[in-house]
Amino acid sequence: ELAHTYEIPFRYEAELINYGQDGCRLQGSGCGTYVINLGIPTRYVHSHYGILDRSDFENMVLLLERFLTTFDQEALENLAL
């Protein structure tokens, strides 16, 4: 919704098989918790030098900035479970 509001290009998810990140463990532990996974499309991510498009990086930072400046208690209460 924020990306649409501020016209920030994004993609919901990459088509990866057998991928996991630390947030997955947090979601399923104990009572669980909210987790957001933000990523930047990167080639050769497990090598010494990953390659990415700088505009993807800048747009991700902008989206995170918008999220942090607009997220409040009301937004937390409106999250769908």
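Note that these values count all heavy atoms, side chains included, but never hydrogens, waters or copies made by symmetry.
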For residues 50-57, which side-chain N or O atoms pair as donor and acceptor with protein atoms under 3.5 Å away, sequence neighbours left out?
{"unit_1": "D53", "atom_1": "OD1", "unit_2": "S55", "atom_2": "N", "d": "2.8"}
{"unit_1": "D53", "atom_1": "OD1", "unit_2": "S55", "atom_2": "OG", "d": "2.6"}
{"unit_1": "R54", "atom_1": "NE", "unit_2": "E58", "atom_2": "OE2", "d": "2.9"}

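- Residue V45 shares its hydrophobic cluster (ILVMFWY side chains chained together at separations under 4.5 Å) with no other residue.
- The side-chain hydrogen bond (donor to acceptor under 3.5 Å, both in side chains) pairs that include a residue from residues 61-77 are Q73-E77, where partners are two or more places apart or lie in different chains.
- With sequence neighbours excluded, the residues forming a ring-ring contact (aromatic ring centres under 6.0 Å, His included) with H4 are F10, listed by chain and number.
- In this structure, L38 and L64 approach most closely via the heavy-atom pair CD1-CD1, 3.9 Å.
- Qualifying ring-ring contact (aromatic ring centres under 6.0 Å, His included) partners for Y6, counting only residues two or more places apart in sequence or in other chains: none.
- L76 is connected to L2 through a chain of hydrophobic side-chain contacts under 4.5 Å among Ile, Leu, Val, Met, Phe, Trp and Tyr, so both are in one cluster.
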